[in-house]
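Beneath this line is the structure, given in structure tokens, with notes to follow.
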4 protein chains.
Amino acid sequence: MIQVTLIQIDNYGPWTVTPGPRAEPDLQTLQSRLYGDLEREFGAHGAIVFFNRFDNLIAISNGMDYDDHLLIQQSIRNRYPITISMGVGTADTAYEAQKIATKMIQNGGGAQSANRCEVLNIDSLADDDNSLVQIAHIDINDITNTLTDIETAFDTSIKVYEVLLALMDELAKIGGMCFFIGGDNYMAPTNGISKDQLREALKVVDKKTGVTLKAGIGVAKQAGRAADLADIGLEDIRAELVDDSVLLFNDLDEY
Amino acid sequence: MIQVTLIQIDNYGPWTVTPGPRAEPDLQTLQSRLYGDLEREFGAHGAIVFFNRFDNLIAISNGMDYDDHLLIQQSIRNRYPITISMGVGTADTAYEAQKIATKMIQNGGGAQSANRCEVLNIDSLADDDNSLVQIAHIDINDITNTLTDIETAFDTSIKVYEVLLALMDELAKIGGMCFFIGGDNYMAPTNGISKDQLREALKVVDKKTGVTLKAGIGVAKQAGRAADLADIGLEDIRAELVDDSVLLFNDLDEY
Amino acid sequence: MIQVTLIQIDNYGPWTVTPGPRAEPDLQTLQSRLYGDLEREFGAHGAIVFFNRFDNLIAISNGMDYDDHLLIQQSIRNRYPITISMGVGTADTAYEAQKIATKMIQNGGGAQSANRCEVLNIDSLADDDNSLVQIAHIDINDITNTLTDIETAFDTSIKVYEVLLALMDELAKIGGMCFFIGGDNYMAPTNGISKDQLREALKVVDKKTGVTLKAGIGVAKQAGRAADLADIGLEDIRAELVDDSVLLFNDLDEY
Amino acid sequence: MIQVTLIQIDNYGPWTVTPGPRAEPDLQTLQSRLYGDLEREFGAHGAIVFFNRFDNLIAISNGMDYDDHLLIQQSIRNRYPITISMGVGTADTAYEAQKIATKMIQNGGGAQSANRCEVLNIDSLADDDNSLVQIAHIDINDITNTLTDIETAFDTSIKVYEVLLALMDELAKIGGMCFFIGGDNYMAPTNGISKDQLREALKVVDKKTGVTLKAGIGVAKQAGRAADLADIGLEDIRAELVDDSVLLFNDLDEY
């Protein structure tokens, strides 16, 4: 089971324009700092946070319980001018888990409701026995030579976001999620998706966008360790230790 | 003339996997902190930075000269395990300016060259007389009620990134750039693009993606002030003070 | 038993002046960010860090083991231009524990040795059965009206640091430590020091410096909780719920 | 003339205990981040901030005007749960300038007044003609071998704070200020204090505390540059290029 936490800034839209619009560099700083801080807080427990839309962040939080979440929620209140609500869900696929997590937050009130504040709704938690996180680290083959060093910066960006959108679309279809993590890198929680399915999805995106993708996949009890294993897989493909576009390492005997 | 600074982490890809892959939560924190810090440094001079791809950031830097850039470059070296290179260009459109800025960096060496370190190449600077920044702040009408509060978090994200990609495509065609700034918000440097052209581009994206977009546009000598004006425009449209999907405010007599 | 971690930046002095002296605002930023980050990392495990001398920080780390420390050490390496070494010791008093922790680091090499890097030496860890942290939160009675609002800022600071030094001296004599935590606040790990001893120490400092001190004291298995209890004690004294300059709350039955 | 800005968090004491006491690791993080951010904001303009008491920070702000201060004040409001007030004064000595800056804040209301919010009172600004900052960078000779590597961490700290207090006392007497900047380093704005006076003050502190101090002194139009020159002076003394405990470099012809 994968455990997903959806983190949503309470009533953020209205706050950004009250009393008048707040300076954009300040908001960008606020958002990036919040993201960095949440990454540290969740990371300290072996979890990972993706910035997603910055006002709605998504964490793979296996191994974290109610108190762990509460401590983070209070810490944000003590250091930021805004507060956060959180919903937690678990399921066999990442897509299902985020659906439940979203519902948990929505049950607490609307994203722009002035009344909703610091909701922390947990549908269920993965326990140590059934905890399992599968994460794929995907990147574009040789982007430096084919794009970064020859195209304009913005054209490279268009291509990178085109690939992102295609990956989001393809993976959502088979129960996954996908997030941009900088450069030409994407990270995809993919519980329940087989190597064959993932290889196929990458090929569809390759064809649609004209790049060549590869993916290391990691399976572990927690997201941080799964990402580490995925990184090693990706490195082995880069080093041509295998002749495949996907490579999976797992920590779990029973897998 | 709009002045664009392209900021690129030196040899970042190789560093992230040396000696072995570095933990992803650490890299995400590093990237978000670097973005936040650059936003403060450029913001202190009235400029704005967009995270773009995190390892390649794009700033609208009108009003900043060689020494301002150098101080930032040195400061990053003193506080981060990585260094940055910068290229600066000016042009009549944002797209052209980033093209020149990219060239300036590429002239200094490849993004994954171990030899390139702290390049600071300036093609030209906007001077006070000809400095002009036009920025559009674009958002999706009523996303909270149509998406955030009813769809799953990830489905909302797919839509938001679909709109982003369509905006990047449409605006690049007419000399603009476009960046995601969180939530359902996009910021687009659009020097040389008329209100009619922008209204038309938004309509194309509306049709392609099924949302309804609106845009406040600001014109000023510097990016920070232009963004402030764009925010006010967007608020006026939201408040239905005008019956149009675009509204422009400008600071400059001669405009 | 109280568990103390001494955190020392490796070879920091030489680094600050290589190749030439680095800009002081950059170093101040680096140090404050490192402190803030370590506070988050240790805080996520219920511990507390004191900035002490910024290049030598002291944490009360009960509840944290080797792996917890290692993850933090690696995270700093991945996000900062410097690395850190750590020594851990446990004892019946805070002073003794820091003495052992210091020895653990010194065994690894000198603070300005170019060869020492990322030492992590643990003499012993407090286990759940014998873990106990006593922390006093000390402040100056009514400093706002007697100093801040009537004296110059720097004269107030002289008084605050005079009190700090007197507290450090008095508490070290009886096995404690004391740290400045901002404003007119001090936090003192005081395992093994009785209420009577602490009341007496405060009186000595009062007499020497001309202020009046009070202290809430907390006892718990971890530093974060002990500090929370100390805060409540301090608030109760402020609210005149007790007629004493010290008030202790404890979480532990066996205490 | 030296220009000093006193920065004070509005109504901070009451906020830290409302509704109940806030977690100390959160407050320490808030304070260290605020310090780091202010250091960047002021540093971007060539100024320097000292943390002083964390809720009362002192900047040497020559070269910064009303708008520069206002932008910083607004930025803090947009990113922190607290607001700041600022007072600015200029004088021939650092001590006098901070006295005026303090008065400017006190005129706006008490530090714990719920009514005072975002005061920005400027008595006067140094103009380009009369702007002059003299800063001494003071450190302890060979602290690594005499203290850090042989004494316990806390005993070394006691000595470092003993030296700090003695320096604060001695320098205040002759119109200076002194701040701890980490390690065994102190930075002292010393406008109007001659090399002979400073050498004498260091000797008094040496005698009182048993250490041996040295100081590089820098004179420039702005604090950042003055600190750079002071650093070079300190390095030259360390390298025994001069046979004196003080060495002054200045940028200004007229000095």
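Residue numbers begin at 1 in each chain, while the letters A, B, ... track the order of the sequences.
- Proximity to chain A is absent for every atom of B:Phe50, based on heavy atoms less than 4.5 angstrom apart.
- Aromatic pair B:Phe51/A:Phe51: centroids less than 6.0 angstrom apart.
- Of the two parts of B:Thr102, only the side chain, counted from C-beta on, holds a non-hydrogen atom closer than 4.5 Å to a non-hydrogen atom of chain A.
- A:Arg40 and B:Thr29 form a side-chain donor-acceptor contact under 3.5 Å, judged by distance and modelled atom types alone.
- With no hydrogens or angles considered, a side-chain donor-acceptor pair links A:Gln3 and A:Ser61 at under 3.5 Å.
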Derivation and outcome, side chain to side chain contact (heavy atoms under 4.5 Å, CB included), residues A:Leu30 and A:Tyr12: CA-CA 12 Å; A:Leu30 171 69; A:Tyr12 185 54; 4.0 Å; yes
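- Only the backbone of B:Glu151 comes within less than 4.5 Å of a heavy atom of chain A; no side-chain atom from C-beta onward does.
- In terms of the side-chain hydrogen bond (donor to acceptor under 3.5 Å, both in side chains) criterion, residue partners of B:Asn52 (sequence neighbours excluded) are, by chain and number, A:Ser157.
- Both the backbone and the side chain of B:Ile158 have a heavy atom closer than 4.5 Å to some heavy atom of chain A.
- With a 4.5 angstrom heavy-atom cutoff, B:Ile9 does not touch chain A via any of its atoms.
- Side-chain atoms of B:Asp155 and B:Thr152 include a donor-acceptor pair closer than 3.5 Å.
- For the pair B:Met104/B:Lys99, no side-chain contact is recorded, criterion being any heavy-atom separation below 4.5 Å from C-beta on.
- Among the residues in residues 170-186 of chain A, those with a non-hydrogen atom closer than 4.5 angstrom to a non-hydrogen atom of chain B are A:Ala172, A:Gly176, A:Met177, A:Cys178, A:Phe179, A:Phe180, A:Ile181, A:Gly182, A:Gly183, A:Asp184.
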Run the side chain to side chain contact (heavy atoms under 4.5 Å, CB included) check on A:Trp15 and A:Leu27 step by step: do they pass? CA-CA 11 Å; A:Trp15 180 85; A:Leu27 297 178; 3.7 Å; yes
